[in-house]
Amino acid sequence: AQQGRVREKAYGKQKIYFADQEQLPAASDAELRGLDGEIAARSAELQALQQSCRHMEAELKDLNSSMTTPEMVKEVEALRKDCASYTEKLERIKSATNHVTPEEKEKVCQEQQLYRREWRRRKRMATELLDAILEGYPKSKKQFFEEVGIETDEEHGVVLPATL
């Protein structure tokens with residue numbers, strides 16, 4: 001700083017040293033335009049390289065997440081085994097002689113509906129009859145059921161089956 005090669009500025013207790021730009025040669029307008037052009041060209045080149053880098057990173061990520069050839073061979077072999085076992089199972093099912101015809105299935109469904117309807121009707125009749133008896137009975141419903149020996153569906157966890 002004393003020789004004049006760098007300048008010194010004091011900010012409170014701190015001092016900053018920087019190159020004396022007056023000693024540097026001044027650039028002409030042509031040189032500045034050339035440097036600006038070079039900066040623009042380098043910026044465009046940088047953008048192209050960054051885009052290429054992003055593209056390559058995405059491609060690398062895809063390649064890393066995909067299966068390798070030995071893994072693919074194992075996967076194909078496993079799928080072939082599964083396919084063979086399913087084909088064998090299908091053949092066993094097709095060759096079975098105890099198929100249920102649609103008519104038989106419809107007949108069973110109709111019978112089940114008939115029995116469900118009858119179950120509900122009989123349960124409702126029994127409930128109405130027991131309620132009528134309990135109106136004049138001095139003890140509780142539970143005590144009445146124990147004395148008479150009535151067992152309910154609920155006590156045994158029986159529920160009305162769903163329709164087929």
Side-chain angles (χ1 to χ4, degrees), residues 11-14 16 18 31-164:
Y11 292 103
K13 294 181 181 179
Q14 296 177 348
I16 297 177
F18 55 93
E31 286 178 324
L32 289 175
R33 280 193 294 276
L35 290 174
D36 285 343
E38 188 177 335
I39 289 172
R42 297 262 169 110
S43 294
E45 183 181 351
L46 174 67
Q47 290 293 329
L49 288 173
Q50 285 177 335
Q51 179 67 25
S52 174
C53 184
R54 282 192 295 271
H55 178 68
M56 287 181 182
E57 284 175 346
E59 187 176 345
L60 177 64
K61 182 180 174 187
D62 287 343
L63 290 173
N64 284 337
S65 66
S66 64
M67 292 180 155
T68 63
T69 303
E71 290 173 338
M72 287 276 198
V73 169
K74 288 179 183 176
E75 183 71 20
V76 167
E77 189 61 34
L79 289 173
R80 283 189 178 143
K81 286 180 183 177
D82 288 348
C83 185
S85 68
Y86 289 139
T87 304
E88 181 183 320
K89 187 176 180 179
L90 179 63
E91 289 302 320
R92 279 187 280 137
I93 291 172
K94 283 183 178 178
S95 66
T97 57
N98 59 352
H99 291 293
V100 176
T101 64
E103 294 83 20
E104 290 173 331
K105 182 179 177 182
E106 183 63 32
K107 180 182 174 191
V108 169
C109 288
Q110 287 176 354
E111 286 179 6
Q112 191 218 21
Q113 286 178 349
L114 173 72
Y115 294 142
R116 286 184 74 228
R117 218 175 305 124
E118 190 65 25
W119 183 349
R120 280 197 305 263
R121 187 178 71 79
R122 290 182 183 194
K123 185 171 181 169
R124 185 176 54 249
M125 287 173 31
T127 304
E128 289 173 0
L129 180 66
L130 290 170
D131 287 343
I133 293 171
L134 286 170
E135 283 179 14
Y137 192 72
K139 298 180 183 175
S140 70
K141 183 178 183 179
K142 186 175 181 181
Q143 289 173 338
F144 175 71
F145 282 8
E146 285 179 13
E147 286 179 17
V148 177
I150 297 175
E151 296 177 351
T152 63
D153 293 340
E154 292 77 21
E155 287 177 5
H156 293 284
V158 178
V159 292
L160 197 62
T163 59
L164 294 179

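The shown structure was predicted, so the numbers you read here are calculated from the model rather than taken from an experiment. Hydrogens, waters and symmetry mates are skipped; everything else that's a heavy atom, side chains included, is used.
- With respect to Glu77 and Lys74, no salt bridge is recorded, no charged nitrogen being found less than 4.0 Å from a carboxylate O.
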| message | Go through it in stages, so that I can follow the logic: the residues are Arg121 and Arg117, the test is side-chain contact (heavy atoms from CB on, under 4.5 Å), and I'd like the CA-CA distance, side-chain angles, deciding distance and then a yes or no. | response | CA-CA 6 Å; Arg121 187 178 71 79; Arg117 218 175 305 124; over 6 Å; no

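- Between Glu154 and Lys142 there is no salt bridge, since none of the side-chain N atoms of the basic residue sits less than 4.0 Å from a carboxylate O of the acidic one.
- Note that the CG atom of Leu160 and the CZ atom of Arg116 stand 4.5 Å from one another [nearest 0.5 Å].
- Other residues, nucleotides and ligands place no more than 12 heavy atoms under 6.0 Å from the CD atom of Gln14.
- Of all the heavy atoms in Leu134 and Lys141, the pair that sits closest is CD1-CG, 3.4 Å.
- The pair Glu38-Arg42 meets the salt-bridge criterion, with a side-chain N (NZ, NE, NH1 or NH2) lying under 4.0 Å from an Asp/Glu carboxylate O.
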| Under the side-chain contact (heavy atoms from CB on, under 4.5 Å) criterion, do Gln110 and Leu114 qualify, and how do the steps go? | CA-CA 6 Å; Gln110 287 176 354; Leu114 173 72; over 6 Å; no

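- Separation of atoms CG (Leu32) and CD1 (Ile39) is listed at 9.5 Å; rounding is to 0.5 Å.
- The distance from atom CG of Leu79 to atom NZ of Lys81, rounded to the nearest 0.5 Å, is 11.5 Å.
- Note that CG of Leu129 is 8.5 Å distant from CE of Met125, once rounded to the nearest 0.5 Å.
- Here the straight-line distance linking atom CD of Glu111 with atom CD of Glu106 works out to 11.0 Å at 0.5 Å rounding.
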Under 3.5 Å, sequence neighbours excluded: what are the donor-acceptor pairs made by side chains of residues 47-56?
from, atom 1, to, atom 2, distance (Å)
Gln51, OE1, Arg54, NH2, 2.9

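- Each ring-ring contact (aromatic ring centres under 6.0 Å, His included) pair with one or both residues in residues 130-158, not counting sequence neighbours, appears once here: Tyr137-Phe144.
- The environment of Phe18 atom CZ is dense: over 12 non-hydrogen atoms of other residues, nucleotides or ligands sit within 6.0 angstrom.
- Of all non-hydrogen atoms in Thr87 and Cys83, the two that sit nearest each other are OG1-O, 2.7 Å.
- Residues satisfying the side-chain contact (heavy atoms from CB on, under 4.5 Å) criterion with Glu135, sequence neighbours excluded, are absent altogether.
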